[in-house]
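First the structure, in the form of structure tokens, and then the observations on it.
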Protein chains: 2
Amino acid sequence: MSGQKIRNMEEFAAASGISRPTVSKYFNDPDSVRDSTRVRIEAALDQYDYRPNIYAVNQNRRLTKNIGIVVPFLSDPFFAEIARKLETLVIEAGFRPVVLGSHGGTEQENDNLETLRSLKPAGVLLAPLGRASDKSAVETFCRHVPTVLFDSNIEDIGEAFIGSDNISFVDQTVEYLCRTGEPPSFFEMRTPANPNANKRRLAYLAAMERAGHAPDVISVEGEGWGFEEIGRRGTHDAFDAGSLTSRSILCSNDRLAIGLLAACYERGLKVGRAEGSDLRVASHDDHPFSRFTCPSLTTAAHDYDAVAEQAVKTLFELIEGGRPLNDRKELLYPARLVLRDSA
Amino acid sequence: MSGQKIRNMEEFAAASGISRPTVSKYFNDPDSVRDSTRVRIEAALDQYDYRPNIYAVNQNRRLTKNIGIVVPFLSDPFFAEIARKLETLVIEAGFRPVVLGSHGGTEQENDNLETLRSLKPAGVLLAPLGRASDKSAVETFCRHVPTVLFDSNIEDIGEAFIGSDNISFVDQTVEYLCRTGEPPSFFEMRTPANPNANKRRLAYLAAMERAGHAPDVISVEGEGWGFEEIGRRGTHDAFDAGSLTSRSILCSNDRLAIGLLAACYERGLKVGRAEGSDLRVASHDDHPFSRFTCPSLTTAAHDYDAVAEQAVKTLFELIEGGRPLNDRKELLYPARLVLRDSA
DNA sequence: CAAATTTCTTTACGCGCGTAAATTTCTGTC
DNA sequence: GACAGAAATTTACGCGCGTAAAGAAATTTG
């Protein structure tokens, strides 16, 4: 890093003794220039630390190197974690990730999509809000920008959906709970924000029927994304109302379970599979905090890595193909049962 | 939203019957044009939903409307939450936030700063990694971009620092614990990533001395940002080694405390202030999950809002002033003690 | 109503780079 | 050493917008 200030590619080209168009070629693909020229450019490059003005670059490209990553809630460690994985993969592919969180709000999700459109991204990885999504806004967006949905599906929107197989999640937890004790009740929000929740309830009902057990669904009230508090409050209410009598509970997701465990603790109930416990609790998602609950939470883990990798791979196929897929792809990955102390 | 496609400001100006330079003025400041013209432009605006190409706009502005927001770890709900608050404030001020997480890595932090420089932001709100920060890289960055540090301070770097007053945090928790029971031992990481941790230890020592109690610091091993596991592991180790005998524990931060509570639960120890408890635990930060631990965690809460608002306010003063502050500002906000069940 | 002032229009240039076309120079091969 | 093909250079234009200057039009002032 020395020498005088370089203001633009013109000056940098002059300083490195190469013509500007060739330097431009180099920045678009270092392998597209002769070895000897690449060496000269790179020598100049660390003498005068210059980098192309990204605004000028993107103005002249039809499609930029930006990849949008949108998740419903960045404060949820689950989404923060998958966003991080996607980010890493996108960078490895030589693109620039732009991570946006919708904070659980329809308006914010629409704003994010609009922001992305103005960034002219090469493609977008979108985990939609679900029920709260403005479907027509999302659909319009997807018609203009190659988009792969992940985590939560919206029928026929986007070029593909990559997610987890909710049936596999529930089948494994239900099978495990039935095999090792009392058949579970299902604990969920009555009006879940996320479409996966509905699939999980249906999968629970089906699994219980197959096993010849009577299902029991406990639906608690509550709106929004404060799942832990909804689960905690709902648990107390259900106990008070006498609707929670089962000694085996399967939660729709870990964040509800965290609230449920807190409520049980507050009521002096002992949760676990050990002798002398009052009830067992299992759940789904393998939330980053679920190993630190008291007791640690038995749950079904997403195949984070597979979902992230497949979503990115699908998107880049889409981008390179240059045209929509002939038929919308839906790929679901099975869960991995994680046995801990709660069940 | 109808009419034909508008490709650029030229076409939009023609469609609205206004000259392009005037339209340009409008977009830079709607109040800078006559009322009657503004009405005509806005009428055209929702007829042909056009918006200026942000790349072309930013190419010609010396400083863009971008504000960088960098936090050490986006997967930590604490940072996700404060980033969200900052984001909101920045949008309200008419700027575009660009949120980046450093994932706990020096290299990623440097990458983020470099990314930001290429975005030519009007200013940056930076919560540095702390001990792991590449100080000279951060300093160089701050010389080129108006930067306000928050959460964790690096001496003399950046135009200002807005954070929490660690002494106030520890003073309140120590005072409370001493007043209501046994004086606490202090539980921390031996090599904390964050400079606040050191300040808290010093504050603990000072507070104990003032109160005439013998301090007792339990430092656990562990590197990185997996604080919960470090706390859990460290707690077991400390019990096994017989170095944890106190019935009153003050954790450096909530994430460590979450791990400590998990370990206590695993050992069958009852934590709380209620009769018959084995020990009391308090902590600092009021992490979003700390009300759902078992038992819920007594802690000292950051004044999130004040820190966020002050950081943004300071940055905009800096930007509008157009020049560095004559003396570096350091503003610290006191904690608010949050009493829950753990102590 | 004329003068003063504000606002708008017209014209024109520049930002930094992508990219195409034509030409020149370089590379490797027989 | 001549030659084909690859790679680099020269030249030139365009992207969409900011912005400056000068004049025309609209508005406000007295």
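Just so we're clear, the structure is a prediction, and the values are computed from it rather than from any experiment. Order of the sequence lines sets the chain letters (A, B, ...), proteins ahead of strands, with each chain counted from 1.
- Residue N60(B) places none of its side-chain N or O atoms closer than 4.0 Å to OP1 or OP2 of dT19(D).
- Listed for the T64(A) side chain is a donor-acceptor partner under 3.5 Å among the backbone atoms of K120(A).
- Closest contact between the side chain of I18(B) and the listed nucleotides dT9(C), dG16(C), dC8(C) involves dT9(C).
- Not one side-chain nitrogen or oxygen of S19(A) sits closer than 4.0 Å to the OP1 or OP2 atom of dT10(D).
- Taking the side chain of A56(B) as heavy atoms from C-beta on, and the options dT19(C), dC17(D), dC8(C), the nearest nucleotide is dC17(D).
- Listed pair Y50(B) / dC17(D) meets the phosphate criterion, a side-chain N or O lying under 4.0 Å from OP1 or OP2.
- Taking only side-chain nitrogens and oxygens, T37(A) comes nearer than 4.0 Å to OP1 or OP2 of dA8(D).
- To the nearest angstrom, P of dC17(D) lies 11 Å from CG of N28(B).
- For R38(B) and dT7(C), the CZ to C1' distance is 13 Å, given to the nearest whole Å.
- S24(B) has a side-chain polar atom (N or O) that falls below the 4.0 Å cut-off from OP1 or OP2 of dG18(D).
- Here the shortest heavy-atom pairing between S133(A) and T106(A) reads C-CG2, 4.4 Å.
- Note: CZ (R34(B)) to P (dT5(C)) measures 17 Å, nearest angstrom.
- Between the base of dT19(D) and the side chain of R20(B) there is a donor-acceptor pair shorter than 3.5 Å.
- With hydrogens and angles disregarded, a donor-acceptor distance shorter than 3.5 Å links the side chain of E109(B) to the backbone of L129(B).
- Rounded to whole angstrom, the span from the CG atom of N53(B) across to the P atom of dG16(C) amounts to 16 Å.
- Comparing dT19(D), dA8(D), dT19(C) against the side chain of P21(B) picks out dT19(D) as the nearest.
- The CD1-P distance, from I41(B) to dC8(C), rounds to 8 Å in whole Å.
- Taking side-chain N and O atoms only, N8(B) has no distance below 4.0 Å to OP1 or OP2 of dC15(D).
- Shown are V98(B), V99(B), I82(B); of these, the side chain to side chain contact (heavy atoms under 4.5 Å, CB included) with E87(B) is made only by V99(B).
- Formation of a donor-acceptor pair under 3.5 Å by the R20(B) side chain with backbone atoms of E10(B) is not found in this model.
- Looking at heavy-atom distances under 4.0 Å, N58(A) makes no contact with the nucleic acid at all.
- Whole-Å rounding puts the Y55(A) OH to dC17(C) C1' distance at 15 Å.
- One interatomic measurement links the two molecules: CG of D35(B) to P of dC8(C), which rounds to 10 Å at whole-angstrom precision.
- Atoms CZ (F27(B)) and P (dG18(D)) sit 9 Å apart, rounded to a whole Å.
- Nearest-nucleotide mapping onto DNA chain C: of G17(B) and Q59(B), the residue sitting toward the 5' end is G17(B).
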